[in-house]
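Notes to accompany the following structure.
The basis for the numbers below is simple: all heavy atoms, side chains too, and nothing from hydrogens, waters or symmetry mates. Below, read A as the first sequence line, B as the second, and so on, with proteins coming before strands; counting in each chain starts at 1.
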Amino acid sequence: MNLILSDNPLNGLKRKENVHFIDLSALKIANCIGCFGCWTKTPGRCVIRDDAVKVYPLIAKSDHIIYVSRVKYGGYDTIMKTMLERSIPIQQAFIRLHHNETHHVQRDVAPKKATIIAYGDIDKGEKEIFRQLIARNAYNMNFQSYSVVFTEQDALVKTVENEVKKWNV
Amino acid sequence: MERVMILNGSPRAPKSNSKRYAEIFTENCRIQTEYFNITKTNHESLCAKMKDVSNVLFVFPLYADGLPVTLLSFLKFLEENPPETRPVISILVNCGFIEYQQNHTALKMMQLFCSKNGYTFGSALEIGSGEAILSTPFKWLVKRKIKKLATSIIEKKYRIYGVTMPISKNMFIRASTQYWINYAKKNGVTKEEMASMKIE
Ligand SMILES: Cc1cc2nc3c(=O)[nH]c(=O)nc-3n(C[C@H](O)[C@H](O)[C@H](O)COP(=O)(O)O)c2cc1C
(Lines give C-alpha, C1' and ligand atoms only; values in the text may rest on other atoms or scores of the structure.)
Protein backbone atom coordinates (compact mmCIF):
# COMPACT_ATOMS: atom_id res chain seq x y z
CA MET A 1 0.00 0.00 0.00
CA ASN A 2 1.08 3.57 -0.75
CA LEU A 3 -0.03 6.18 1.74
CA ILE A 4 0.17 9.94 2.18
CA LEU A 5 -0.63 11.01 5.74
CA SER A 6 -1.01 14.76 5.95
CA ASP A 7 -1.85 17.27 8.67
CA ASN A 8 -3.52 19.56 6.13
CA PRO A 9 -5.74 19.16 3.03
CA LEU A 10 -2.95 19.69 0.43
CA ASN A 11 -5.45 21.42 -1.82
CA GLY A 12 -4.71 20.87 -5.49
CA LEU A 13 -2.69 17.71 -5.00
CA LYS A 14 -2.75 15.45 -8.07
CA ARG A 15 -4.45 12.29 -6.89
CA LYS A 16 -3.36 8.85 -8.05
CA GLU A 17 -5.51 5.76 -7.93
CA ASN A 18 -2.94 3.58 -6.19
CA VAL A 19 -1.92 6.21 -3.65
CA HIS A 20 -4.17 6.55 -0.63
CA PHE A 21 -4.43 10.09 0.78
CA ILE A 22 -5.51 10.94 4.33
CA ASP A 23 -6.03 14.48 5.58
CA LEU A 24 -5.82 14.11 9.35
CA SER A 25 -7.14 17.63 9.91
CA ALA A 26 -10.53 16.49 8.56
CA LEU A 27 -10.77 13.59 11.01
CA LYS A 28 -11.88 13.39 14.62
CA ILE A 29 -8.98 12.02 16.62
CA ALA A 30 -8.71 12.29 20.40
CA ASN A 31 -5.50 12.20 22.45
CA CYS A 32 -4.06 8.88 23.53
CA ILE A 33 -4.88 8.50 27.22
CA GLY A 34 -2.00 6.11 27.93
CA CYS A 35 -4.26 3.29 29.18
CA PHE A 36 -2.34 0.47 27.39
CA GLY A 37 -5.71 -1.13 26.54
CA CYS A 38 -4.39 -1.74 23.01
CA TRP A 39 -1.71 -4.03 24.48
CA THR A 40 -3.42 -5.57 27.51
CA LYS A 41 -7.23 -5.45 27.08
CA THR A 42 -8.05 -5.65 23.38
CA PRO A 43 -4.66 -6.35 21.80
CA GLY A 44 -4.31 -4.56 18.45
CA ARG A 45 -7.39 -2.37 18.98
CA CYS A 46 -7.58 1.05 20.59
CA VAL A 47 -10.31 1.43 23.18
CA ILE A 48 -11.16 4.92 21.87
CA ARG A 49 -13.39 4.24 18.86
CA ASP A 50 -12.90 7.43 16.83
CA ASP A 51 -11.37 8.03 13.38
CA ALA A 52 -7.86 6.99 14.46
CA VAL A 53 -8.89 3.34 14.33
CA LYS A 54 -9.37 3.67 10.56
CA VAL A 55 -5.94 5.20 10.12
CA TYR A 56 -3.45 3.01 12.02
CA PRO A 57 -4.36 -0.16 10.08
CA LEU A 58 -3.46 1.71 6.88
CA ILE A 59 -0.17 2.92 8.35
CA ALA A 60 0.58 -0.70 9.24
CA LYS A 61 -0.17 -1.91 5.71
CA SER A 62 1.77 0.75 3.84
CA ASP A 63 5.20 0.01 2.46
CA HIS A 64 5.55 3.47 0.94
CA ILE A 65 4.51 6.28 3.24
CA ILE A 66 4.80 10.06 3.26
CA TYR A 67 4.16 11.95 6.47
CA VAL A 68 3.43 15.64 5.98
CA SER A 69 3.66 17.69 9.15
CA ARG A 70 4.25 21.15 10.46
CA VAL A 71 7.21 21.25 12.86
CA LYS A 72 6.87 22.54 16.42
CA TYR A 73 9.78 22.68 18.90
CA GLY A 74 11.76 20.30 16.71
CA GLY A 75 8.97 17.69 16.65
CA TYR A 76 5.68 17.07 14.89
CA ASP A 77 2.97 19.60 15.53
CA THR A 78 -0.20 18.49 17.32
CA ILE A 79 -2.22 16.92 14.51
CA MET A 80 0.42 14.45 13.33
CA LYS A 81 1.72 13.81 16.84
CA THR A 82 -1.77 12.93 18.06
CA MET A 83 -2.11 10.33 15.31
CA LEU A 84 1.32 8.83 15.97
CA GLU A 85 0.52 8.42 19.66
CA ARG A 86 -2.74 6.71 18.74
CA SER A 87 -0.83 4.28 16.52
CA ILE A 88 0.71 2.15 19.26
CA PRO A 89 -1.93 -0.63 18.82
CA ILE A 90 0.14 -1.77 15.83
CA GLN A 91 2.91 -2.78 18.24
CA GLN A 92 2.84 -5.40 20.95
CA ALA A 93 3.63 -4.80 24.61
CA PHE A 94 6.55 -7.17 24.25
CA ILE A 95 10.07 -5.81 23.90
CA ARG A 96 12.92 -7.10 21.75
CA LEU A 97 16.45 -6.02 20.89
CA HIS A 98 16.59 -3.98 17.70
CA HIS A 99 19.81 -2.23 16.63
CA ASN A 100 21.07 -3.14 20.08
CA GLU A 101 18.38 -1.08 21.79
CA THR A 102 15.13 -2.17 23.41
CA HIS A 103 12.06 -1.63 21.20
CA HIS A 104 8.59 -3.15 20.88
CA VAL A 105 7.72 -6.13 18.74
CA GLN A 106 5.64 -5.04 15.75
CA ARG A 107 2.37 -6.74 14.83
CA ASP A 108 1.62 -7.23 11.13
CA VAL A 109 3.40 -4.05 10.04
CA ALA A 110 4.98 -3.77 6.59
CA PRO A 111 8.58 -2.51 6.54
CA LYS A 112 8.44 1.03 5.23
CA LYS A 113 10.17 3.33 2.84
CA ALA A 114 9.25 6.54 4.59
CA THR A 115 9.50 10.18 3.58
CA ILE A 116 8.87 12.85 6.14
CA ILE A 117 7.99 16.20 4.65
CA ALA A 118 8.39 18.79 7.36
CA TYR A 119 7.26 22.37 6.90
CA GLY A 120 7.11 25.66 8.74
CA ASP A 121 9.62 28.26 9.81
CA ILE A 122 12.41 25.88 10.82
CA ASP A 123 15.95 27.03 11.60
CA LYS A 124 19.12 24.96 11.48
CA GLY A 125 19.07 23.86 15.12
CA GLU A 126 15.45 22.85 14.93
CA LYS A 127 16.08 20.84 11.77
CA GLU A 128 18.80 18.96 13.57
CA ILE A 129 16.44 18.00 16.42
CA PHE A 130 13.78 16.93 13.93
CA ARG A 131 16.31 14.73 12.12
CA GLN A 132 17.23 13.09 15.43
CA LEU A 133 13.56 12.48 16.11
CA ILE A 134 13.07 10.75 12.76
CA ALA A 135 16.16 8.61 13.34
CA ARG A 136 14.54 7.43 16.58
CA ASN A 137 11.12 7.00 14.93
CA ALA A 138 12.75 4.80 12.29
CA TYR A 139 13.43 2.13 14.92
CA ASN A 140 9.99 2.33 16.51
CA MET A 141 7.91 2.75 13.35
CA ASN A 142 9.48 0.02 11.22
CA PHE A 143 11.19 2.25 8.65
CA GLN A 144 13.42 0.24 6.36
CA SER A 145 14.74 3.46 4.88
CA TYR A 146 13.70 7.08 5.15
CA SER A 147 14.40 10.59 4.04
CA VAL A 148 13.53 13.92 5.59
CA VAL A 149 12.58 16.83 3.36
CA PHE A 150 12.20 20.36 4.74
CA THR A 151 10.04 22.79 2.83
CA GLU A 152 7.77 25.84 3.06
CA GLN A 153 4.03 25.54 3.29
CA ASP A 154 3.64 27.18 -0.17
CA ALA A 155 5.74 24.50 -1.79
CA LEU A 156 4.09 21.54 -0.04
CA VAL A 157 1.90 20.21 -2.85
CA LYS A 158 4.76 20.27 -5.34
CA THR A 159 7.12 18.65 -2.84
CA VAL A 160 4.66 15.85 -2.12
CA GLU A 161 4.08 15.22 -5.84
CA ASN A 162 7.83 15.05 -6.40
CA GLU A 163 8.29 12.50 -3.65
CA VAL A 164 5.40 10.36 -4.90
CA LYS A 165 7.02 10.29 -8.34
CA LYS A 166 10.11 8.71 -6.82
CA TRP A 167 8.02 5.73 -5.73
CA ASN A 168 7.47 4.71 -9.37
CA VAL A 169 4.06 3.28 -8.57
CA MET B 1 9.26 33.34 45.49
CA GLU B 2 11.68 30.44 45.79
CA ARG B 3 9.25 27.71 44.92
CA VAL B 4 9.09 24.88 42.44
CA MET B 5 5.90 24.51 40.46
CA ILE B 6 5.64 20.92 39.27
CA LEU B 7 3.55 20.37 36.14
CA ASN B 8 2.61 16.84 35.11
CA GLY B 9 2.32 16.46 31.33
CA SER B 10 1.20 12.83 31.29
CA PRO B 11 -2.21 12.26 29.70
CA ARG B 12 -2.95 9.89 32.57
CA ALA B 13 -1.53 12.31 35.15
CA PRO B 14 -3.68 11.27 38.16
CA LYS B 15 -2.50 7.66 37.82
CA SER B 16 0.88 8.23 36.20
CA ASN B 17 4.43 7.23 36.93
CA SER B 18 5.23 10.92 36.48
CA LYS B 19 3.06 11.67 39.50
CA ARG B 20 5.05 9.21 41.60
CA TYR B 21 8.31 10.77 40.41
CA ALA B 22 6.91 14.18 41.33
CA GLU B 23 6.07 12.93 44.83
CA ILE B 24 9.63 11.70 45.30
CA PHE B 25 10.86 15.10 44.10
CA THR B 26 8.71 16.88 46.68
CA GLU B 27 9.94 14.59 49.46
CA ASN B 28 13.52 15.40 48.53
CA CYS B 29 13.28 19.10 47.77
CA ARG B 30 14.32 21.57 50.44
CA ILE B 31 12.13 24.37 49.12
CA GLN B 32 8.37 24.47 48.76
CA THR B 33 6.74 22.71 45.81
CA GLU B 34 3.30 22.98 44.28
CA TYR B 35 1.98 20.19 42.09
CA PHE B 36 -0.52 20.33 39.21
CA ASN B 37 -1.72 17.97 36.51
CA ILE B 38 -1.93 19.65 33.10
CA THR B 39 -5.48 19.19 31.82
CA LYS B 40 -7.24 20.39 28.69
CA THR B 41 -8.98 23.15 30.63
CA ASN B 42 -6.44 24.56 33.09
CA HIS B 43 -3.79 26.03 30.77
CA GLU B 44 -4.78 29.59 31.56
CA SER B 45 -4.74 29.24 35.34
CA LEU B 46 -1.40 27.41 35.26
CA CYS B 47 0.19 30.11 33.12
CA ALA B 48 -1.14 32.77 35.48
CA LYS B 49 0.41 31.02 38.50
CA MET B 50 3.78 30.79 36.82
CA LYS B 51 4.72 34.41 37.40
CA ASP B 52 4.96 33.78 41.16
CA VAL B 53 7.47 30.94 41.07
CA SER B 54 11.21 30.80 40.56
CA ASN B 55 11.22 27.33 39.05
CA VAL B 56 9.01 25.08 37.00
CA LEU B 57 9.62 21.35 36.75
CA PHE B 58 7.84 19.52 33.94
CA VAL B 59 7.40 15.81 34.68
CA PHE B 60 6.25 13.78 31.69
CA PRO B 61 6.57 10.50 29.80
CA LEU B 62 8.28 10.04 26.47
CA TYR B 63 5.59 9.48 23.85
CA ALA B 64 6.52 8.31 20.36
CA ASP B 65 10.06 9.60 20.86
CA GLY B 66 8.87 13.10 21.74
CA LEU B 67 6.70 15.26 23.98
CA PRO B 68 3.21 13.90 24.74
CA VAL B 69 0.43 15.94 23.13
CA THR B 70 -0.83 16.95 26.59
CA LEU B 71 2.45 18.78 27.18
CA LEU B 72 2.86 20.05 23.61
CA SER B 73 -0.58 21.70 23.73
CA PHE B 74 0.27 23.36 27.02
CA LEU B 75 3.61 24.69 25.72
CA LYS B 76 1.86 26.19 22.70
CA PHE B 77 -0.58 27.96 25.01
CA LEU B 78 2.24 29.15 27.25
CA GLU B 79 4.06 30.52 24.22
CA GLU B 80 1.05 32.76 23.54
CA ASN B 81 0.49 33.61 27.22
CA PRO B 82 3.90 34.02 28.87
CA PRO B 83 4.24 35.11 32.52
CA GLU B 84 5.75 38.58 33.15
CA THR B 85 8.74 37.06 34.90
CA ARG B 86 10.06 33.84 33.49
CA PRO B 87 10.85 30.95 35.84
CA VAL B 88 13.75 28.58 35.20
CA ILE B 89 12.44 25.45 33.50
CA SER B 90 13.71 21.98 34.44
CA ILE B 91 12.42 18.58 33.36
CA LEU B 92 12.01 15.02 34.63
CA VAL B 93 11.24 12.75 31.69
CA ASN B 94 10.71 9.00 31.85
CA CYS B 95 10.46 6.40 29.12
CA GLY B 96 9.48 2.74 28.96
CA PHE B 97 12.63 1.38 27.35
CA ILE B 98 15.75 0.67 29.35
CA GLU B 99 18.00 3.24 27.65
CA TYR B 100 17.41 6.57 29.36
CA GLN B 101 19.19 8.14 26.39
CA GLN B 102 16.06 7.52 24.32
CA ASN B 103 14.64 10.59 26.12
CA HIS B 104 17.28 12.83 24.62
CA THR B 105 15.25 14.20 21.72
CA ALA B 106 12.50 15.23 24.11
CA LEU B 107 15.10 17.01 26.24
CA LYS B 108 16.34 18.88 23.16
CA MET B 109 12.77 19.88 22.33
CA MET B 110 12.29 21.36 25.79
CA GLN B 111 15.58 23.22 25.53
CA LEU B 112 14.49 24.59 22.17
CA PHE B 113 11.17 25.74 23.65
CA CYS B 114 13.13 27.57 26.36
CA SER B 115 15.58 29.26 24.05
CA LYS B 116 12.80 30.33 21.66
CA ASN B 117 10.74 31.78 24.48
CA GLY B 118 13.31 33.40 26.75
CA TYR B 119 13.39 30.86 29.58
CA THR B 120 16.57 29.65 31.23
CA PHE B 121 16.79 25.89 30.96
CA GLY B 122 17.79 24.40 34.29
CA SER B 123 18.41 20.73 35.02
CA ALA B 124 17.07 17.51 33.59
CA LEU B 125 16.66 13.94 34.75
CA GLU B 126 16.12 11.27 32.12
CA ILE B 127 14.75 7.98 33.47
CA GLY B 128 14.86 4.70 31.55
CA SER B 129 12.69 1.67 32.41
CA GLY B 130 10.39 4.29 33.89
CA GLU B 131 7.23 2.23 33.64
CA ALA B 132 8.47 -0.33 36.15
CA ILE B 133 11.56 0.84 38.02
CA LEU B 134 9.65 2.18 41.05
CA SER B 135 8.28 -1.31 41.73
CA THR B 136 11.75 -2.88 41.77
CA PRO B 137 14.62 -2.94 44.27
CA PHE B 138 16.22 -0.20 42.13
CA LYS B 139 13.80 2.44 43.36
CA TRP B 140 16.51 3.90 45.58
CA LEU B 141 18.65 4.69 42.53
CA VAL B 142 15.83 6.85 41.22
CA LYS B 143 15.37 8.53 44.60
CA ARG B 144 19.06 9.35 44.74
CA LYS B 145 19.01 10.96 41.30
CA ILE B 146 15.81 12.88 41.97
CA LYS B 147 17.41 14.27 45.12
CA LYS B 148 20.39 15.41 43.05
CA LEU B 149 18.03 16.95 40.53
CA ALA B 150 16.27 18.93 43.28
CA THR B 151 19.54 20.09 44.82
CA SER B 152 20.95 21.19 41.47
CA ILE B 153 17.85 23.27 40.79
CA ILE B 154 17.94 24.95 44.22
CA GLU B 155 21.66 25.63 44.06
CA LYS B 156 21.44 26.74 40.42
CA LYS B 157 24.17 24.27 39.46
CA TYR B 158 22.30 22.94 36.49
CA ARG B 159 23.06 19.48 35.17
CA ILE B 160 21.68 16.65 33.07
CA TYR B 161 21.20 13.37 34.95
CA GLY B 162 20.19 9.92 33.81
CA VAL B 163 19.15 6.73 35.57
CA THR B 164 17.87 3.28 34.66
CA MET B 165 17.85 -0.30 35.93
CA PRO B 166 21.43 -1.59 36.25
CA ILE B 167 20.71 -4.89 34.50
CA SER B 168 21.52 -6.30 31.07
CA LYS B 169 19.20 -5.58 28.17
CA ASN B 170 18.30 -9.24 27.88
CA MET B 171 17.41 -9.42 31.52
CA PHE B 172 15.32 -6.27 31.11
CA ILE B 173 13.47 -7.86 28.19
CA ARG B 174 12.66 -10.94 30.26
CA ALA B 175 11.49 -8.82 33.19
CA SER B 176 9.38 -6.55 31.00
CA THR B 177 7.76 -9.54 29.27
CA GLN B 178 6.69 -10.83 32.67
CA TYR B 179 5.55 -7.35 33.71
CA TRP B 180 3.23 -7.04 30.70
CA ILE B 181 1.92 -10.60 31.00
CA ASN B 182 0.90 -9.89 34.61
CA TYR B 183 -0.61 -6.55 33.56
CA ALA B 184 -2.83 -8.24 30.94
CA LYS B 185 -3.71 -11.17 33.20
CA LYS B 186 -5.66 -8.77 35.41
CA ASN B 187 -7.83 -8.09 32.36
CA GLY B 188 -8.21 -11.79 31.62
CA VAL B 189 -5.98 -11.52 28.53
CA THR B 190 -3.42 -14.23 27.79
CA LYS B 191 0.13 -13.94 26.52
CA GLU B 192 -0.94 -15.50 23.20
CA GLU B 193 -3.73 -12.94 22.78
CA MET B 194 -1.30 -10.12 23.54
CA ALA B 195 1.06 -11.42 20.87
CA SER B 196 -1.66 -11.27 18.20
CA MET B 197 -0.35 -10.02 14.86
CA LYS B 198 -3.83 -8.74 13.97
CA ILE B 199 -4.56 -5.03 13.88
CA GLU B 200 -8.18 -3.94 14.46
C1 LIG C 1 1.35 6.46 23.19
C2 LIG C 1 2.58 6.05 23.93
C3 LIG C 1 3.82 6.24 23.36
C4 LIG C 1 4.98 5.87 24.03
N5 LIG C 1 6.18 6.06 23.40
C6 LIG C 1 7.33 5.65 24.01
C7 LIG C 1 8.59 5.79 23.36
O8 LIG C 1 8.67 6.30 22.23
N9 LIG C 1 9.70 5.35 23.99
C10 LIG C 1 9.64 4.78 25.24
O11 LIG C 1 10.68 4.38 25.76
N12 LIG C 1 8.46 4.66 25.90
C13 LIG C 1 7.31 5.09 25.31
N14 LIG C 1 6.10 4.96 25.96
C15 LIG C 1 6.09 4.42 27.35
C16 LIG C 1 5.96 5.51 28.42
O17 LIG C 1 6.92 6.51 28.27
C18 LIG C 1 6.11 4.87 29.80
O19 LIG C 1 5.10 3.90 29.98
C20 LIG C 1 6.04 5.88 30.94
O21 LIG C 1 6.40 5.24 32.15
C22 LIG C 1 4.67 6.49 31.12
O23 LIG C 1 4.74 7.50 32.10
P24 LIG C 1 3.45 8.15 32.80
O25 LIG C 1 2.81 7.05 33.62
O26 LIG C 1 3.99 9.24 33.63
O27 LIG C 1 2.53 8.63 31.74
C28 LIG C 1 4.91 5.30 25.32
C29 LIG C 1 3.66 5.12 25.91
C30 LIG C 1 2.50 5.47 25.24
C31 LIG C 1 1.17 5.26 25.89
Tell me, for B/Lys108 versus chain A, whether the close heavy atoms (under 4.5 Å) come from the side chain, the backbone, both or neither.
both
Would you call the rings of A/Tyr67 and A/Phe143 parallel, tilted or perpendicular, taking 30° and 60° as the class edges?
tilted
So, the side chain of B/Tyr21 versus the backbone of B/Gly130: is there a donor-acceptor pair under 3.5 Å, distance only?
yes
Quick one: does any side-chain atom of A/His104 pair with a main-chain N or O of A/Gln92 as donor and acceptor, under 3.5 Å?
yes
Interchain contact, A/Arg49 with chain B, by part (heavy-atom threshold 4.5 Å):
side chain
For B/Glu200, does the CD atom have more than 12 heavy-atom neighbours from other residues, nucleotides or ligands under 6.0 Å away?
yes
Portion of A/Asn31 that has a non-hydrogen atom of chain B nearer than 4.5 angstrom
side chain
Less than 4.5 Å to any heavy atom of chain A: does that hold for the side chain of B/Tyr179, its backbone, both, or neither?
neither
On the 0 to 90° scale, with breaks at 30° and 60°, tag the A/His99-A/Tyr139 ring pair as parallel, tilted or perpendicular.
parallel
Please classify the contact between B/Gln178 and chain A as side chain, backbone, both or neither, with a heavy-atom cut-off of under 4.5 Å.
neither
Between B/Lys40, B/Glu79, B/Gln101, which residue shows the highest count of heavy-atom pairs closer than 4.5 Å to chain A?
B/Glu79
Quick check on A/Cys35 against chain B: is it the side chain, the backbone, both or neither that has a heavy atom closer than 4.5 Å?
backbone
Tell me, out of B/Val189, B/Asn170, B/Ile199, B/Leu72, who's got the most heavy-atom pairs with chain A below 4.5 Å.
B/Ile199
Structural part of B/Pro68 lying under 4.5 Å from a heavy atom of chain A
both
For the backbone of A/Ala110 and the side chain of A/Asp63, can you confirm whether one donor and one acceptor N or O come within less than 3.5 Å of each other?
no
Tightest non-hydrogen contact, residues A/Ser6 and A/Phe21, listed as CB-CE1, 3.8 Å
A quick test of your reading: do over 12 heavy atoms of other residues, nucleotides or ligands sit less than 6.0 Å from CE of B/Met197?
yes
Honestly, the part of A/Gln106 sitting under 4.5 Å from a heavy atom of chain B is backbone
Quick check on A/Phe36 against chain B: is it the side chain, the backbone, both or neither that has a heavy atom closer than 4.5 Å?
side chain
Name the region of B/Ser176, side chain, backbone, both or neither, that has any atom closer than 4.5 Å to a heavy atom of chain A.
side chain
Specify which of B/Thr105, B/Ile181, B/Thr70 makes the most heavy-atom pairs with chain A at under 4.5 Å.
B/Thr105
Can you tell me which of B/Lys191, B/Arg174, B/Glu99 forms the most heavy-atom pairs within a distance under 4.5 Å of chain A?
B/Glu99
Under 4.5 Å heavy-atom distance to chain A, tell me which part of B/Gln102 shows up: side chain, backbone, both or neither.
both
Hydrophobic cluster membership, with links at side-chain heavy-atom distances under 4.5 Å among I/L/V/M/F/W/Y: are A/Leu133 and A/Tyr119 in one?
no
